[in-house]
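For this chain, numbers begin at 1 and follow the sequence in order. Side-chain atoms are counted along with the backbone in the values below, which use heavy atoms only and exclude waters and symmetry mates.
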Amino acid sequence: MNAAKVQVTFDIKREGDQLKGTYRCAPLNAVCRDNLDRGRLSGTIRARGFTVAMENTGWCTFMLDKLDPPVGNGEYTCYMNGMIADEGTFDLRG
């Protein structure tokens, strides 16, 4: 399978039970969704995932299936205008 890929970077900081940070995207064999390369990340330490708000008012949810720091994997879904715009899987490497 030759899936489209981009490389994303998360800079996550913990503030109490809140997660906050930034999202960056760099093209590999596919362009970043809507050519957006930045977003704001938020979540909580109790959740299995986090949300990224994009500059175009869209957002993506990243849900972890497995986390064994510094690696993990899961699924993501991106929304635009209340509808699913993109979905797939992701791997974390720290």
Side-chain angles (χ1 to χ4, degrees):
M1 184 171 173
N2 190 10
K5 293 183 180 184
V6 295
Q7 179 175 325
V8 297
T9 303
F10 301 107
D11 180 19
I12 304 172
K13 296 190 176 18
R14 180 177 172 182
E15 297 176 7
D17 67 346
Q18 300 295 307
L19 300 175
K20 297 184 180 200
T22 58
Y23 159 92
R24 299 270 325 220
C25 178
L28 290 176
N29 69 352
V31 296
C32 298
R33 190 176 168 299
D34 289 343
N35 288 316
L36 296 173
D37 66 349
R38 296 172 193 258
R40 289 178 294 120
L41 181 146
S42 63
T44 66
I45 59 171
R46 290 185 290 270
R48 286 186 23 222
F50 48 88
T51 300
V52 172
M54 307 302 288
E55 296 172 338
N56 65 354
T57 70
W59 73 95
C60 300
T61 57
F62 291 81
M63 299 303 293
L64 292 162
D65 290 332
K66 180 180 177 185
L67 179 61
D68 188 13
V71 299
N73 61 43
E75 299 175 353
Y76 73 90
T77 305
C78 294
Y79 301 88
M80 185 63 163
N81 298 322
M83 300 178 69
I84 294 176
D86 189 20
E87 55 188 354
T89 60
F90 68 94
D91 292 312
L92 294 175
R93 293 181 215 121

Is a side-chain donor or acceptor of R14 paired with a backbone partner of G16 at a separation under 3.5 angstrom?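 Side chain of R14 to backbone of G16: a pair is present.
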Can you find a heavy atom in the side chain of K20 that is under 4.5 Å from one in the side chain of E15?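 They are in contact (side-chain heavy atoms under 4.5 Å apart), so the answer is yes.
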Check for me, please, whether L92 and I45 land in the same ILVMFWY cluster - side-chain distances under 4.5 Å, paths through other members count.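 L92 clusters together with I45.
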Do you know which of F62, F50, Y23 makes ring-ring contact (aromatic ring centres under 6.0 Å, His included) with F90?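 The passing option is F62.
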Is it the case that one hydrophobic cluster holds both Y79 and V8, taking links as side-chain heavy atoms less than 4.5 Å apart, direct or via other members?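 Shared cluster, no.
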Closest heavy-atom contact between A30 and A4?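 In terms of heavy atoms, the two residues are closest at CB-CB, 3.6 Å.
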What are the two closest heavy atoms between D17 and R46, and how far apart are they?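 That closest heavy-atom pairing would be OD2-NH2, 2.8 Å.
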Given the rule that I, L, V, M, F, W and Y join up when any side-chain heavy atoms are under 4.5 Å apart, are V52 and L36 in one cluster?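 Cluster IDs for V52 and L36 match.
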Is there side-chain contact between T77 and E75, with at least one heavy-atom pair below 4.5 Å?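 Side-chain contact under 4.5 Å: no.
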Test of understanding: clusters of I, L, V, M, F, W, Y form through side-chain heavy atoms closer than 4.5 Å, transitively. Do L19 and F10 belong to the same one?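 Per the 4.5 Å side-chain linkage, L19 and F10 are co-clustered.
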Going from CE on M63 to CG on N73, what distance comes out if it is rounded to the nearest 0.5 angstrom?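 So the gap between those two atoms works out to 13.0 Å.
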Any donor and acceptor pair, going by atom type alone, linking the side chain of N29 with main-chain N or O of K5 inside 3.5 Å?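 Yes: the side chain of N29 pairs with the backbone of K5.
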Hphob cluster co-occupancy, L64 + I12, side-chain heavy atoms under 4.5 angstrom: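 They do share one cluster, since a chain of ILVMFWY contacts under 4.5 Å joins L64 to I12.
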Answer whether the closest heavy-atom distance between the side chains of R33 and V6 falls below 4.5 Å.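 No. Closest side-chain heavy atoms not under 4.5 Å.
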Find out whether Y76 and T89 are in side-chain contact, i.e. whether some heavy atom of one side chain is under 4.5 Å from a heavy atom of the other.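 No. Closest side-chain heavy atoms not under 4.5 Å.
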The test is side-chain contact (heavy atoms from CB on, under 4.5 Å); show your working for M80 and T57 and say whether it passes. CA-CA 7 Å; M80 185 63 163; T57 70; 4.2 Å; yes
Could you check whether any side-chain heavy atom of R40 comes within less than 4.5 Å of a side-chain heavy atom of M54, counting everything from C-beta outward?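 Heavy-atom side-chain distance check fails, nothing below 4.5 Å.
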D11, CG atom: more than 12 neighbouring heavy atoms under 6.0 Å: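 Check passes, neighbour count above 12.
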I need the C60 SG to I84 CD1 distance, nearest 0.5 Å.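 Those atoms lie 11.5 Å apart.
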Within the side chain of N56, is there an N or O that forms a donor-acceptor pair under 3.5 Å with the backbone of G58?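 Yes; judged by distance alone, with no hydrogens or angles, the pair exists.
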Any side-chain heavy-atom pair from T44 and Q18 closer than 4.5 angstrom?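 Side chain of T44 against side chain of Q18, heavy atoms only: contact under 4.5 Å found.
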